[in-house]
J.: 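Here it is, the structure, as structure tokens.
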Amino acid sequence: MRDAYHEELDSIGEGLVEMARLVGSAIGRATTAILDADLKLAETVIAADEKVDDLQRDLEARAIALLARQQPVATDLRIVVTSLRMSADLERSGDLAQHVAKLARLRFPERAVPRDLHATILEMGQLAQRLMAKAAEVIITKDVDLALQLEQDDDAMDLLHRALFQHLMDDRWKHGIETAVDVTLLGRYYERFADHAVSVAKRVVYLVTGEHADELAAQTDPVGGTGRIEGT
């Protein structure tokens, strides 16, 4: 029974990785849809979010069942509780990718993003996808150093977000209020998506170390890194 218990714990982790990969792919495809006014692609992103929701519900049910049956303590309890929180972050990330796709659908056949902002939105979409891919790697490897790097990587998204607003506030803006609202929403969707990827990584840090990422990052390690804790 103990082997079955640990297999179930492992399967919850695998479910989180699948969710991360699905939402990472979704934000990439949604970015293409919004920039190319690709209605068919946008519809596939919107429909695919149901699979993410199903995975989240299934993972939540299995985690709650483990809590009820096994009454885990210490590290095992952290795994179950933290997994529940990570699944919520990932589900919200999927919703944000869906929001991008829905905006593409709403403005079709027009393009929601002006040509002079294509490069910025493309970079935000690509960065969001990379951050989520790294979050998936963190879930798999339990690499604390890599997890802590995500917050630094997220600084690039914050810079892009600010650049987007500076463009919107420029007196030379000529695309109208509706487009300004669309671009503002898009910037927020990408920024929040990145925040959820960082949140997933931070939760892995807590899962592995029992310490919160902000506290751990503030500590000075004379060896030069927190390292990876194997077999946890």
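Just so it is clear, the structure is predicted and the values come from calculations on it, not from any experiment.
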J.: If you define the side chain from C-beta out and look only at heavy atoms, does anything of L148 sit under 4.5 Å from V205?
T.: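 They are in side-chain contact.
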J.: Can you classify the ring geometry of Y189 versus H99 as parallel (below 30°), tilted (30 to 60°) or perpendicular (above 60°)?
T.: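 Geometry flag for H99 against Y189: tilted rings.
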J.: If you measure from CG on D38 to CZ on R111, what distance do you get to the nearest 0.5 Å?
T.: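 Reported to 0.5 Å precision, the distance equals 9.5 Å.
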J.: We want to know whether R188 and T184 form a side-chain donor-acceptor pair, criterion being a heavy-atom distance below 3.5 angstrom.
T.: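 Side-chain D/A pair, R188 to T184: absent.
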J.: Determine whether D153 and K134 make a side-chain contact, defined as any pair of heavy atoms from C-beta on separated by less than 4.5 Å.
T.: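 D153 vs K134: side chains touch.
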J.: Has T44 got a side-chain atom pairing as donor or acceptor with L41's backbone, closer than 3.5 angstrom?
T.: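 Here the side-chain-to-backbone pair exists.
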J.: Taking all atoms of both residues into account, what is the closest heavy-atom pair of A63 and L84, and its distance?
T.: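 Looks like CB-CD2, 3.7 Å.
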J.: Would L207 end up clustered with I64 when hydrophobic side chains under 4.5 Å apart are linked, directly or stepwise?
T.: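 Each belongs to a different hydrophobic cluster.
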J.: Mind checking what makes salt bridge (charged side-chain N to carboxylate O under 4.0 Å, His left out) contact with E18, not counting sequence neighbours?
T.: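 E18: salt bridge (charged side-chain N to carboxylate O under 4.0 Å, His left out) contacts with K51.
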J.: Taking atom CD as the centre, does E123 end up with more than 12 heavy-atom neighbours from other residues, nucleotides or ligands that are less than 6.0 angstrom away?
T.: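 Incorrect, the count does not exceed 12.
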J.: To the nearest 0.5 Å, how far apart are NE2 in H161 and CZ in R192?
T.: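 Rounded to the nearest 0.5 Å, the NE2-CZ separation comes to 10.5 Å.
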J.: Evaluate the side-chain proximity of E91 to S87: yes if any heavy-atom separation is below 4.5 Å, no if none is.
T.: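 Counting from C-beta outward, S87 and E91 never come under 4.5 Å.
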J.: Are side-chain heavy atoms of E211 and Y206 found at a separation under 4.5 Å?
T.: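 The answer is no, as the side chains (C-beta and beyond) never meet within the 4.5 Å cut-off.
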J.: Quick check: closest heavy atoms across A48 and R29, and the distance to 0.1 Å?
T.: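 Nearest pair, atom of A48 first, then R29: CB-NH2, 4.2 Å.
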J.: Atom NE2 of H175 and atom NE2 of H167: how far apart are they, to the nearest 0.5 Å?
T.: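 If I round to the nearest 0.5 Å, the distance is 5.5 Å.
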J.: What closest approach, in Å, do A30 and A97 show between heavy atoms, and which atom pair accounts for it?
T.: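 Smallest heavy-atom distance, with atoms named: CB-O, 3.5 Å.
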J.: Is D54 paired with R57 through a side-chain N to carboxylate O contact shorter than 4.0 Å?
T.: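 Yes, charged N to carboxylate O under 4.0 Å.
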J.: Between R69 and E8, does any side-chain N to carboxylate O distance fall below 4.0 Å?
T.: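 Salt bridge: no.
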J.: Count the heavy atoms belonging to other residues, nucleotides or ligands that lie under 6.0 Å from CD1 of I177, then report whether that count exceeds 12.
T.: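 No, the 6.0 Å shell around CD1 holds no more than 12 heavy atoms from other groups.
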J.: Quick one: CZ on R130 to CD1 on I27, what's the gap to the nearest 0.5 Å?
T.: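 It is 13.0 Å, given to the nearest 0.5 Å.
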J.: If you draw a 6.0 Å radius around CZ in R85, do more than 12 non-hydrogen atoms from other residues or ligands fall strictly inside?
T.: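 No, the 6.0 Å shell around CZ holds no more than 12 heavy atoms from other groups.
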J.: From D182 CG over to L103 CG, what is the distance, rounded to the nearest 0.5 angstrom?
T.: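 Taking CG in D182 and CG in L103, the distance rounds to 4.5 Å.
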